Amino acid sequence: MTTARERLRLFITDTFFVDDFGDSDSFLRTRIIDSTGMMELVAFLETDFRVKVADAELLPENLDSVENLVGFLKKKGVQ
Amino acid sequence: MCGIAGFTVPTGLGPQVRRDRYEARARAMTASLFHRGPDAQRAVLLDGVVLGQTRLSIVDLAGGHQPMKDAATGVTVVFNGEVFNWLELKTGLPGYRFRTTSDTEVLLAAFLARGIDCVKDFVGQFAFAVWDPRDATLWLARDRVGIRPLFYAVTKEGFAFASEAKALFAAQWLPPKLDEDGVVDAVHLWAPLAPRSQFLGVATLPAAHVARVRGGVFTARRYWDVDLSDDNVDRGLTLPEATEKLRAVLTDAVRLRLRADVPVAAYLSGGLDSSLICALAQRELGGALQTFSVGFAQARYDERAFQQEVARALGTTHHVVEVQDQDIGALLPEVVWHGEQVLVRTAPGPFLALSRLVRGHQTKVVLTGEGADEVFLGYDLYKETKVRQFWARQPASAHRPRLFTRLYPYLPLSQQAPEVLKEFFGLGLEAPGALDFSHQIRWSNTGRVARFFSKDFAARTAGHHPAEAVKAQVPAQVLGWRALARAQYLELATLLSGYLLSAQGDRMLMGSSVEGRFPFLDHRVIEAAARMPDAVKLRGLDEKAVVKRLGRGLVPDAVLDRHKFPYRAPVAEALVGAKAPGWSRELLSRAEVERTGVFDGAKVEKLVSKLAKAATQPSEADNMALVAVASTQLLAHQFVHAPREVSRRHLDAVRVEDEAVAAGQR
């Protein structure tokens, strides 16, 4: 079974056309994600992982790297 | 307005030898610029140089033929553009006996009186070449902001120049190949950085430069630059005083640009700048102004309501062309053919449709509002720079980055959280004094296109860094200027001349044989603006305050009070999916992309399929990448893989003569 981390990395590679990024690289600072990219990412979390993301949770510490996303999903009960 | 071309040849050859060797080349170069001058096409084979010109007759329709030669000295000129103050210059040249009423002859006389420094007296937009047989020197010059184009190549067979690179390829001076570092420039800076062009071995003479070719040696120097230093600012100038200064200089800039022996019309976007130009022109013309606009079938790009309001208020005769999504795709091959560069936006396309509309109404000259955003701090980039500077003084502040939500109210909500804004806009915040502080965000955003490069291409260009190349070129004193002044300098040096005035300006106008004139880019306007304090231009976060104040009462309030609307055109919906043009299916295929070798075929395939089925609005990064790939493919296809031929009809139309006919004899 693929892990959440693998699924996230695959999504980011496929959606934002990057091959080379570390799990703790900031998406925003490294320009992996732009203004609409965040929406694509949140939509992916909501459909693929079936979690709800509240406005108050739209924070870099939840969303801005693979590492942060894995942590965020864990909090939401996704392994 | 016209097309020019030419090349050096050895001196001392007989007329027949010259004709045998060079006629075909002269004909091919001149004919390839037919669209720039459909009214006459001539070339002359002189002792030492060949000069060609295609003419769009605007001033002295009967007498202004080119190439034009001074009988006494043999000095001969080919000229593209306008010297708007030619009447004033003429009175300062009493020693020359004028035979025509053309501005070309004034240029010739001014050169004879002052040498190449005559350009310093010119108010205008020009690219020209002067052959001086007295010292066997070819002089070239380009206007201060790069409105008119000029390309050249130094080859083993001689020095060759032309208004467009295609003329150099038509006469086989060199084989057309993409300049790979130039492609990297284009996907960061929006254009290759002058003197680099999009083609290997072809250079562009940078704006505000003159060049000399003598004995096979080319040297160029800058003759003008904008001084945005603090020392040049009149600090005590109030907004009302600045408004009166602008009124005087801009009114005169418009007045001079209405000089022509054919009707002058105007573009009207529905924004402040073009509306103001239309208002000033309509006053001068006493009600005879015709205006031309682009409307978009897609409401999110469309500004027709504002255009109509302005046209009604000013009483102009108004014309509109409506652009559908599929027109953008259908026009792109022509856009790239004329533009000769890699693009990241489809926005030039509608300008080509617009110039066709103008030409269809038997009009050859239009005024536009281009340049006001650069000169009077209109762009969001300047506000962003201001906010980032403010924030950099207190980097820990949670409050300061919130200003970005006022700047970009259209950003998605997910971007509005202060922490997110901080990550996104905080790039380079630790070095607010960096020369490129203002442009780091834009260049890195555009630079995301580079992730689509093929592995080989990325490896070959790994040593080229566009931002470093810009920094290496900028004069040292600019580094000491305030952040907004540095931002303006970079904007003028990269985006304005490299993209807005070329791929989206001159080339889209001349593609339909129409001349554009730009009152806001009169150097007297630029110099007046440089002396105004930033606060009368960007007042708080209110852009172009002085222009708005001048506009109050001249243009409808609705235009002054609307939120600035960035000009955009459809991208993904026009190039892929149901409305995709035929060429895109072929040229965006994996095999064709791999044949060109710039982009990664597999990634492009994925991008195209992602965008074709996208249910939501595509991201800016994806749109830019798609346009970059499409334009690169079209450039490679039309110039390298299957080069377009110069038409027989245009080749036959060129008159090739052995001597330039003296001024006024025709």
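As the structure is a prediction and not an experimental result, all values here were calculated from the model. Computed over heavy atoms, backbone and side chain alike; hydrogens, waters and symmetry mates excluded. Letters A, B, ... are given to chains in the order of the sequence lines, protein chains preceding strands, and every chain is numbered from 1.
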So, are A:D19 and B:K603 salt-bridged, with charged N and O less than 4.0 Å apart?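 Result for this pair is yes, salt bridge flagged.
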Stepwise, does the side chain to side chain contact (heavy atoms under 4.5 Å, CB included) test hold for B:R451 with A:D20? CA-CA 10 Å; B:R451 64 178 77 141; A:D20 200 19; over 6 Å; no
Could you state the interatomic distance from CD (A:E40) to CG (B:D622), rounded to the nearest 0.5 Å?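 Reported to 0.5 Å precision, the distance equals 6.5 Å.
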Nearest-0.5 Å distance, OG1 of residue A:T30 to CG of residue B:L427: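 The CG atom of B:L427 is 10.0 Å from OG1 of A:T30, to the nearest 0.5 Å.
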Minimum-distance pair of heavy atoms, taken over all atoms of B:N445 and A:R31: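 Nearest pair, atom of B:N445 first, then A:R31: OD1-NE, 3.1 Å.
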Tell me whether the NZ or CZ atom of B:K610 lies within the 45° cone about the ring axis of A:F16 and under 6.0 Å from its centre.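 Yes, B:K610 lies over the aromatic ring of A:F16.
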